[in-house]
Number of protein chains: 2
Amino acid sequence: MPAPTTLGHVLLGLLHQQPRSGYDLRKVVVSTPMSLFSDSPGAIYPALRSLQKAGLIQVEQAARGGRRRSTFVPSARGRAAFVAWLRQPPSQDDITRLWPLLMLRLAFMDGLVAPADVTAFLARLQTGIDAHVVELEAFLAQHRALLPPAARLALESGIHDARGRSAWLTRARRQSSRSRRSPA
Amino acid sequence: MPAPTTLGHVLLGLLHQQPRSGYDLRKVVVSTPMSLFSDSPGAIYPALRSLQKAGLIQVEQAARGGRRRSTFVPSARGRAAFVAWLRQPPSQDDITRLWPLLMLRLAFMDGLVAPADVTAFLARLQTGIDAHVVELEAFLAQHRALLPPAARLALESGIHDARGRSAWLTRARRQSSRSRRSPA
DNA sequence: GATCACATGTAAGAAGTTACATGATTCT
DNA sequence: AGAATCATGTAACTTCTTACATGTGATC
């Protein structure tokens, strides 16, 4: 059984929050602002199948009442696999190209990884995003003369994005460590 | 012949900048900060084939010297198709989920669409991104109590991203209209 | 009793990734 | 001669999308 796909991991994460059926998962995926995926049944049901076959989730409750419906929960191995996914250090490529997915991982971390790991995650993101800023600015400096206006705007947008994320990270990290000292 | 895929359109755009071979395109895709795709030959060569079969690009120069190598240029129909792609008004879904692709489209607009169209494009982006901010903030307001800290951080990151993009757009639009009045 | 929301699934196809294969040319 | 780079291509596989199919329970 191959490692779960991105969608598989996300479904696994949602099942950690509460037991859900495939139908529930589809609804969450559309109603959530983090929607990276479509709600196509042709993606979700096969993904659930594969998680089940890999032993990462189990049917918690089948067909209560008359209506056919099964809700899933993560197994112990599923929890371990999911936590491992969360703790996986982001690559530079993840940071420059898959930021929304990293934010989704962050959103799942509560209660599953230690606060110190969240801190480390955010720190890694910042060094990565800062490196990206440097890279983009070097590119701009090198090509400034050749870049026509719209292309330059697009590049500047990328720089602005990355700078904004770095600024957000400094605040988020401060806030995160503060709340760790004085929890609610 | 089906409509070109996203990768197909990007390749078409790169060929508008200058004639290139498949190998050249691979190099550009990796060396460019806008790299949304991998440089896998298994993606690029078939995409070129399909563009060629659709009559959107032509071989400009084959095997000069001894080494086998063909460079491609867009045909008239290819140019029309690409411009149509650029001018296509972004959907709300594009704006919330495919921003980097929209920036790539922006980067290709110079010389292919009228400056007024660039302006319209940027204006559309701003109404879309502002709507997204409103949506995310509504979600936050509604779920603030239930959201554990990391999940809340992730959501706030999305809001911060979108706000930053809106701010960038106001400046970019001002700059764009100014440079249109007094071109270099 | 017709229609809608619930709930799950499959079939066909598109598109990309990885990995391998194949040669030519240049460099040392 | 051997190695690295140039340059193109294919085969197998994975995954998602679209579209359809199927049936149940609730609602009007």
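Each chain gets a letter, A, B and so on, in the order the sequences are listed, and its residues count up from 1. Both backbone and side-chain heavy atoms feed into the values below; hydrogens, waters and symmetry mates do not.
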In whole angstrom, give the distance that lies between atom [atom1] of [X] and atom [atom2] of [N].
X: A:Leu48; N: C:dA7; atom1: CG; atom2: C1'; answer: 12 Å
X: B:Lys27; N: D:dC6; atom1: NZ; atom2: C1'; answer: 8 Å
X: B:Arg49; N: D:dA11; atom1: CZ; atom2: P; answer: 12 Å
X: A:Arg26; N: D:dT17; atom1: CZ; atom2: P; answer: 12 Å
X: B:His9; N: C:dA14; atom1: NE2; atom2: C1'; answer: 15 Å
X: A:Leu101; N: D:dT15; atom1: CG; atom2: C1'; answer: 15 Å
X: A:Asp24; N: C:dC6; atom1: CG; atom2: P; answer: 10 Å
X: A:Leu25; N: D:dC16; atom1: CG; atom2: P; answer: 14 Å

Backbone N/O of [Y] and side chain of [X]: donor-acceptor pair under 3.5 Å:
X: A:Ser21; Y: A:Ser70; value: no
X: B:Ser50; Y: B:Pro46; value: no
X: A:Asp110; Y: B:Ala150; value: yes

[X] side chain, from C-beta outward: closest of [options]:
X: A:Pro46; options: C:dT8, C:dT10, D:dT8; result: C:dT10
X: B:Leu7; options: C:dG16, D:dT8, C:dT10; result: C:dG16
X: B:Thr5; options: D:dT17, C:dA15, D:dT8; result: C:dA15

For [N], take OP1 and OP2 only and decide whether either is under 4.0 Å from a side-chain N or O of [X].
X: A:Ser70; N: C:dA7; answer: no
X: A:Tyr45; N: C:dT8; answer: yes
X: B:Ser40; N: C:dG16; answer: no
X: A:Arg69; N: D:dT24; answer: no
X: B:Tyr23; N: D:dC6; answer: yes

| How are the rings of A:Phe82 and A:His16 set to each other: parallel, tilted or perpendicular (split at 30° and 60°)? | parallel
| said: Is the ring pair A:Trp168/A:Trp99 parallel, tilted or perpendicular, if the boundaries are 30 and 60 degrees? | reply: perpendicular
| When we call it a touch if two heavy atoms are under 4.0 Å apart, what does A:Ser21 touch: a base, just sugar-phosphate, or nothing? | sugar-phosphate
| task | With heavy atoms under 4.0 Å as the rule, sort A:Gly22 into base, sugar-phosphate or nothing. | result | sugar-phosphate
